[in-house]
Asks: 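Starting off with a structure, shown below.
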Amino acid sequence: LAAGLARLNDEARSRVETYRNLDGIVLCLDASRSVASGGNIVAAEAAARALVEAAGTRPVAVIAYAGDAYLASPFTADREDLATTLASVDGDTVPEAGSRPERALDLARSTLAAAGVRQGSVILLSDGGGTRSAGAAARLLRADGHELHTVHVPPAGALGSVVPAGDRIPLDGLAAEGGGIAVALSDVERLILRVAEPERLRLGRGDYAALAWRDLGWCL
C-alpha cells in the first residue's frame, strides 16, 4: 500500500512544473565615505527600494561596495528582506576604504552568471567616484547580454562642500558603454519606467517541483 501511494504521489508531482524568471536586477550601492558621509545614502537607498518595487516578479540582488564589493543579498523576490538589507547599508558596511565600482560590476556579472540570468539589469547608484576605471567591466556586462544603468548620487547638505565627490560625466559614459541609461537621483522615475516588469517574461524550468499530492479520501 505504501509503495502504491508513493508511486501515485511521484506521478502527480512529475506533472506539476514550476518556472523561474530568467531576468534579474542587481543593485550596486556605493557605500564609500563620499556617499555615506555626504548624507545622501538615505536618499540612494530610497531610490533603490523604489527600483525593487518596480522589479515585479523578477529577483533582485544587492551589492554594497567601497574599496571592495560584497554581496549583501543574493537574488530574492522577498521585498521586505531586500528593504531591510538596503536600510542596513551605511559607511561601516564595507571595511575597505575607497571607491572601486569595477569590483561591484565584476561581482554583479559573476552573480548573474551563477544564477543563470539571461538578461539582467545592473544598476549602479554612485556619486561617480572611481567610475573612470570601470569601463571594461561595463563592456563585459553588455557582451554577456546585460545592461548597465547608473544613478548619480551627489553629496547633500553642508558636507557636500567638504566631502570628496565624483562626477556625473563618467557615470553617463559608463551607462552608455553598458547599454543602459544614466539618470540623476532626482530623476530616478525615468529609470523605474525603464526597468519595470516587461509584458513578456523569459521563463525557464525551475529547480524545484511544486508540492502536489492526490487525495484518495477517507477510504484509506
Side-chain angles (χ1 to χ4, degrees), residues 23-66 69-94 99-101 103-105 107-108 111 120-131 134 147-172 174-175 178 180-198:
D23 294 343
I25 295 177
V26 182
L27 298 174
C28 299
L29 185 59
D30 189 343
S32 63
R33 178 176 179 268
S34 57
V35 174
S37 299
N40 246 359
I41 194 168
V42 174
E45 290 168 351
R49 288 195 297 272
L51 289 163
V52 166
E53 292 301 322
T57 62
R58 284 175 293 177
V60 179
V62 177
I63 291 173
Y65 79 93
Y70 296 91
L71 186 63
S73 172
F75 277 113
T76 179
D78 188 334
R79 303 301 181 233
E80 292 185 4
D81 184 63
L82 286 165
T84 301
T85 298
L86 289 169
S88 67
V89 176
D90 57 25
D92 297 323
T93 300
V94 181
S99 187
R100 301 289 300 275
R103 296 198 175 186
L105 298 184
L107 180 55
T111 301
S121 296
V122 179
I123 302 173
L124 182 72
L125 299 101
S126 167
D127 65 352
T131 50
E147 58 185 10
L148 171 64
H149 309 291
T150 61
V151 179
H152 181 235
V153 184
L159 289 175
S161 61
V162 297
V163 174
D167 191 344
R168 180 173 174 178
I169 294 176
L171 273 178
D172 292 352
L174 197 64
I181 62 173
V183 301
L185 189 61
S186 59
D187 189 31
V188 74
E189 184 65 29
R190 186 159 62 93
L191 180 55
I192 289 174
L193 293 175
R194 171 69 176 263
V195 302
E197 187 173 67

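The shown structure was predicted, so the numbers you read here are calculated from the model rather than taken from an experiment.
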Asks: Using a 4.5 Å cut-off on heavy atoms from C-beta on, say whether the side chain of Leu185 contacts that of His152.
Replies: no

Asks: Is Leu124 close to Thr131 at the side-chain level, that is, under 4.5 Å between some pair of heavy atoms?
Replies: yes

Asks: So His149 and Ser121, do their side chains get closer than 4.5 Å, heavy atoms only?
Replies: yes

Asks: Looking at every heavy atom in both Ala61 and Thr111, which two are closest together, and how far apart are they?
Replies: CB-CG2, 4.5 Å

Asks: Considering non-hydrogen atoms only, spot the tightest contact between Val183 and Val188 and give its length.
Replies: CG2-CA, 4.2 Å

Asks: Quick one: side chain to side chain donor-acceptor pair (under 3.5 Å) partners of Arg79, sequence neighbours excluded?
Replies: none

Asks: Any chance you could measure Thr150, atom OG1, to Asp172, atom CG, to the nearest 0.5 Å?
Replies: 6.0 Å

Asks: How long is the gap from CZ on Arg49 to CG on Leu82, to the nearest 0.5 Å?
Replies: 11.5 Å

Asks: With Thr93, which residues qualify under side chain to side chain donor-acceptor pair (under 3.5 Å), at least two apart?
Replies: Asp90

Asks: Does the side chain of Val35 reach to within under 4.5 Å of the side chain of Ser126, using non-hydrogen atoms?
Replies: no

Asks: Shortest non-hydrogen contact from Ala44 to Leu125?
Replies: O-CD2, 3.6 Å

Asks: Which atom names give the shortest non-hydrogen contact between Asp30 and Asp127, and what distance separates them?
Replies: OD2-OD1, 3.4 Å

Asks: Just by distance, do the side chain of Arg190 and the backbone of Ala182 share a donor-acceptor pair under 3.5 Å?
Replies: yes

Asks: Check whether any side-chain heavy atom of Val26 lies under 4.5 Å from a side-chain heavy atom of Cys28, and answer yes or no.
Replies: yes

Asks: Are Val153 and Ile41 side-chain neighbours, meaning at least one heavy-atom pair lies under 4.5 Å?
Replies: no

Asks: Compute whether any side-chain donor of one residue and acceptor of the other, for Thr76 and Asp78, lie under 3.5 angstrom apart.
Replies: no

Asks: With distance as the sole criterion, is a donor-acceptor pair present between the side chains of Ser32 and Tyr65 under 3.5 Å?
Replies: no

Asks: Set out, in order, the CA-CA distance, both residues' side-chain angles and the distance that settles side-chain contact (heavy atoms from CB on, under 4.5 Å) for Ile63 and Leu27, then state yes or no.
Replies: CA-CA 6 Å; Ile63 291 173; Leu27 298 174; over 6 Å; no

Asks: How long is the gap from CD1 on Ile181 to CG on Asp187, to the nearest 0.5 Å?
Replies: 8.0 Å

Asks: Which atom names give the shortest non-hydrogen contact between Leu171 and Val151, and what distance separates them?
Replies: CD1-O, 4.2 Å

Asks: Which atom names give the shortest non-hydrogen contact between Ile25 and Ala55, and what distance separates them?
Replies: CD1-CB, 3.8 Å

